[in-house]
S.K.: 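Next up is a structure, given as structure tokens.
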There are 2 protein chains.
Amino acid sequence: MEKKYEVVINALLKEMQDGAYSVDAKLPTELALMSQFQVSRHTVRKALADLEGRGYVYRIQGGGSYVADWQKNCQQRDTGQNVAVLTTHISDYIFPAIISGIEETLTAQGTSLLLGSTQNDPERERQSLVQYLNSNIQGLIIEPTKSALGLKNQDLYQQFLDRKIPVITINAKTSLPKVPYFVMDDFGAGKLATKKLLDLGHQQLLGIFKTDDQQGIDRMNGFNRAIQETQTAIDIQLITYQTENVQTQMFERLSRILATKDARPTGIIAYNDQIAMTAYNLATKYDLKVPQDLSIVGFDNSLLSHSLGVQLVSAIHPQAQMGRDVAALMIKMIAEPTRNYAQFAKTYAPELSAGESVAAYQPKK
Amino acid sequence: MEKKYEVVINALLKEMQDGAYSVDAKLPTELALMSQFQVSRHTVRKALADLEGRGYVYRIQGGGSYVADWQKNCQQRDTGQNVAVLTTHISDYIFPAIISGIEETLTAQGTSLLLGSTQNDPERERQSLVQYLNSNIQGLIIEPTKSALGLKNQDLYQQFLDRKIPVITINAKTSLPKVPYFVMDDFGAGKLATKKLLDLGHQQLLGIFKTDDQQGIDRMNGFNRAIQETQTAIDIQLITYQTENVQTQMFERLSRILATKDARPTGIIAYNDQIAMTAYNLATKYDLKVPQDLSIVGFDNSLLSHSLGVQLVSAIHPQAQMGRDVAALMIKMIAEPTRNYAQFAKTYAPELSAGESVAAYQPKK
DNA sequence: TTCATTGACTTGTACGTATAAATAGGCTAG
DNA sequence: CTAGCCTATTTATACGTACAAGTCAATGAA
């Protein structure tokens with residue numbers, strides 16, 4: 001049942017919002033309101049006190065009660081929820097889709113999205129996190145930088161948790177409790193992709209992996225595991241590189257390998273679709289046909305994988321779906337912060353997309 | 001003289017600030033406080049009500065009064081600057097790069113970025129704008145929805161201006177004064193792209209344009225102008241479509257045209273790289289070689305344009321640079337809001353990227 | 001005319017009382 | 001040992017009274 005003082009409050013609020021009173025207009029006296037609503041002075045005063053606390057009216061002892069500039073004081077209250085999303089990159093392959101998925105779900109819930117990127121630099125990550133700590137956000141979704149080298153700004157992560165601000169990581173696990181993570185099973189994906197080529201009879205494989213994020217490490221380990229588990233002898237080449245030296249470490253070495261005729265691999269497991277695409281273009285340049293002469297498997301099933309001359313076989317990354325899942329969990333965590341959400345962490349099972357960049361091994365004539 | 005309820009308030013505040021109570025610790029009951037301070041229940045309640053209104057305590061009916069997390073509620077006011085960025089899409093072709101450019105510049109200035117997307121739906125745009133009006137942002141960067149059909153939510157745009165919140169539009173001009181815009185010269189780009197094919201001797205052209213945003217209209221007008229200005233007789237086909245019916249209106253008609261042998265165009269001007277890519281893939285399917293049998297020009301110089309079998313000739317969209325320029329201007333506008341910044345609007349001159357998807361017309365044998 | 005006084009009016013502080021509603025803890029029955 | 005019930009505690013709503021303190025306008029004296 002609606003309480004008496006609420007009746008008074010709502011009646012006054014309605015009049016104000018309908019424009020019956022202009023700013024600084026005088027409201028009826030307490031005595032008048034008492035008889036108008038047939039309530040005691042106490043009740044009228046409680047209603048007015050409440051409205052004053054919320055910034056709708058101001059009162060002058062001995063003078064009267066007046067309507068405040070509530071449009072300014074009350075509406076502009078920053079009531080909406082904000083969730084910060086901090087990824088390593090914004091415009092690179094899968095990130096737009098993830099961010100888009102997060103945005104879609106958050107916006108549907110009336111929650112705003114604060115976006116930042118770290119360029120995979122722990123120092124930038126630190127700056128952004130400090131900034132977010134000083135602004136009012138209700139949640140943090142973060143893809144940690146240089147995840148293979150251990151969590152860099154753990155102290156700041158902890159500060160969010162201390163303030164009861166829920167944190168979710170994507171593309172990396174953390175050792176922090178109460179921080180659910182959303183990751184691809186990169187190990188499994190690496191294993192699956194490699195197994196695909198092994199099953200097709202390939203015996204000379206090239207793996208290209210980035211080693212400064214956990215994703216790359218996991219995919220490489222999956223690659224190695226698949227090879228260990230096979231019975232036949234496999235000829236392996238490995239290119240590893242880090243973010244800073246894609247060009248020197250990766251591109252040139254890959255060119256050299258593809259240029260050789262003897263020990264040339266018949267199958268490539270590329271760290272991601274971008275690298276796979278580079279390999280594809282290089283192969284075309286050296287007159288190697290994909291998949292007849294060279295099979296290529298990529299990762300992430302990005303837009304790129306659809307736009308090559310052949311449809312690229314790629315380990316499917318959930319992308320937008322992951323974004324939607326993350327955002328949905330975040331909304332739950334904000335609504336009910338007390339529970340432990342660690343169990344809601346999700347590892348997406350690996351799967352290969354259909355495509356034409358892979359074929360059974362054909363011995364060279 | 002200090003009022004009795006002020007005595008109670010100050011005593012409790014002091015204890016809390018001295019750390020006598022931790023967060024969520026239970027305060028003495030009203031009865032206990034009555035005897036402690038020798039005041040009536042009314043006075044105790046007024047003191048507690050005041051503290052509750054100021055965010056220092058919370059009360060549970062039947063449970064008791066508890067100290068709130070006042071360090072969070074009372075001290076930390078959010079000081080940082082926020083700029084909202086509202087685009088039609090987030091993950092599609094050029095938007096990630098634009099957003100990334102904006103983010104880069106804003107973050108460097110310690111300004112946060114609130115991201116939203118409208119899916120080119122004026123109703124969604126409206127919801128997001130209302131949300132931004134209710135949160136504290138210092139600037140708005142927006143790509144208006146359905147820009148060809150006129151500005152839909154002009155009243156809301158005006159509300160931002162009324163509140164002295166600077167607004168910048170991208171990819172579309174507005175009739176509003178004091179709103180600078182950042183656009184490609186789409187008319188010029190359309191003309192330039194078309195001229196390129198005409199100069200190479202093509203006489204049978206197909207234009208594919210989206211007609212529900214200003215970009216599409218402008219590019220199409222540029223296309224038409226280039227043809228009007230040429231001296232020779234040109235055979236023209238046009239496919240127009242809207243966001244909702246890419247598949248039915250565009251894809252099927254394009255397939256039909258490429259399948260015909262007689263009136264098949266020798267050059268295609270595609271609304272953007274995505275359409276150009278679709279055309280390329282369709283052409284390959286019908287055994288047409290690009291550029292020997294068919295020249296294709298795209299727009300936006302997106303990632304896609306680099307990943308086809310041939311490097312796509314595309315009208316260069318500044319993308320990340322536009323994002324950086326927009327953000328830099330926004331920061332100026334926030335710092336000095338009084339000036340008129342309309343003159344800082346920027347139109348990027350058209351330019352074609354180098355590529356191999358275009359060749360001189362060769363009469364069929 | 002000007003200024004201080006006065007008194008009616010209005011809001012603020014403070015106490016008293018009664019009842020309602022929610023919670024917490026103890027008890028009992030199963 | 002648990003689920004449900006009961007009771008005491010505690011806060012919430014609501015009425016009443018009295019007086020303090022500030023505002024405002026009318027009155028009256030300088």
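This one's a predicted model, so the numbers in the text were calculated from it and none came from an experiment. All heavy atoms count here, side chains included; hydrogens, waters and symmetry mates do not. Lettering follows sequence order; numbering is per chain, from 1.
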S.K.: Classify every nucleotide of nucleotides 8-13 of chain C by which part a protein heavy atom approaches to under 4.0 Å, writing B for the base, S for the sugar-phosphate alone and - for neither, in 5'-to-3' order.
M.R.: --BBBB
S.K.: From CE of B:Met34 over to P of D:dT10, roughly how many Å is that when rounded to an integer?
M.R.: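 Roughly 12 Å, once rounded to whole Å.
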S.K.: Quickly work out the B:Leu51 CG to D:dT11 C1' distance and round it to whole Å.
M.R.: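 About 16 Å, once rounded to whole Å.
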S.K.: Do you know the tightest heavy-atom contact between A:Ala172 and A:Pro144?
M.R.: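 Scanning both residues, the minimum pair turns out to be CB-CD, 3.9 Å.
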S.K.: Under 4.0 angstrom, heavy atoms only, what part of the nucleic acid is B:Thr43 near: base, sugar-phosphate, or nothing?
M.R.: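 Answer is sugar-phosphate: B:Thr43 comes under 4.0 Å of backbone atoms only.
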S.K.: Strictly distance-based, threshold 3.5 Å: is any side-chain N or O of B:Glu103 a donor or acceptor partner for the main-chain N or O of A:Ile90?
M.R.: no
S.K.: Under the ring pair (Phe, Tyr, Trp, His ring centres under 6.0 Å) rule, collect the residues that match up with B:Tyr341, sequence neighbours excluded.
M.R.: B:Phe344
S.K.: How are the rings of B:Tyr66 and B:Tyr58 set relative to one another: parallel (under 30°), tilted (30 to 60°) or perpendicular (over 60°)?
M.R.: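 Parallel: the ring planes of B:Tyr66 and B:Tyr58 meet at under 30°.
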S.K.: I need the minimum non-hydrogen distance between A:Pro166 and A:Ile334, along with the two atoms involved.
M.R.: CG-CG1, 3.9 Å
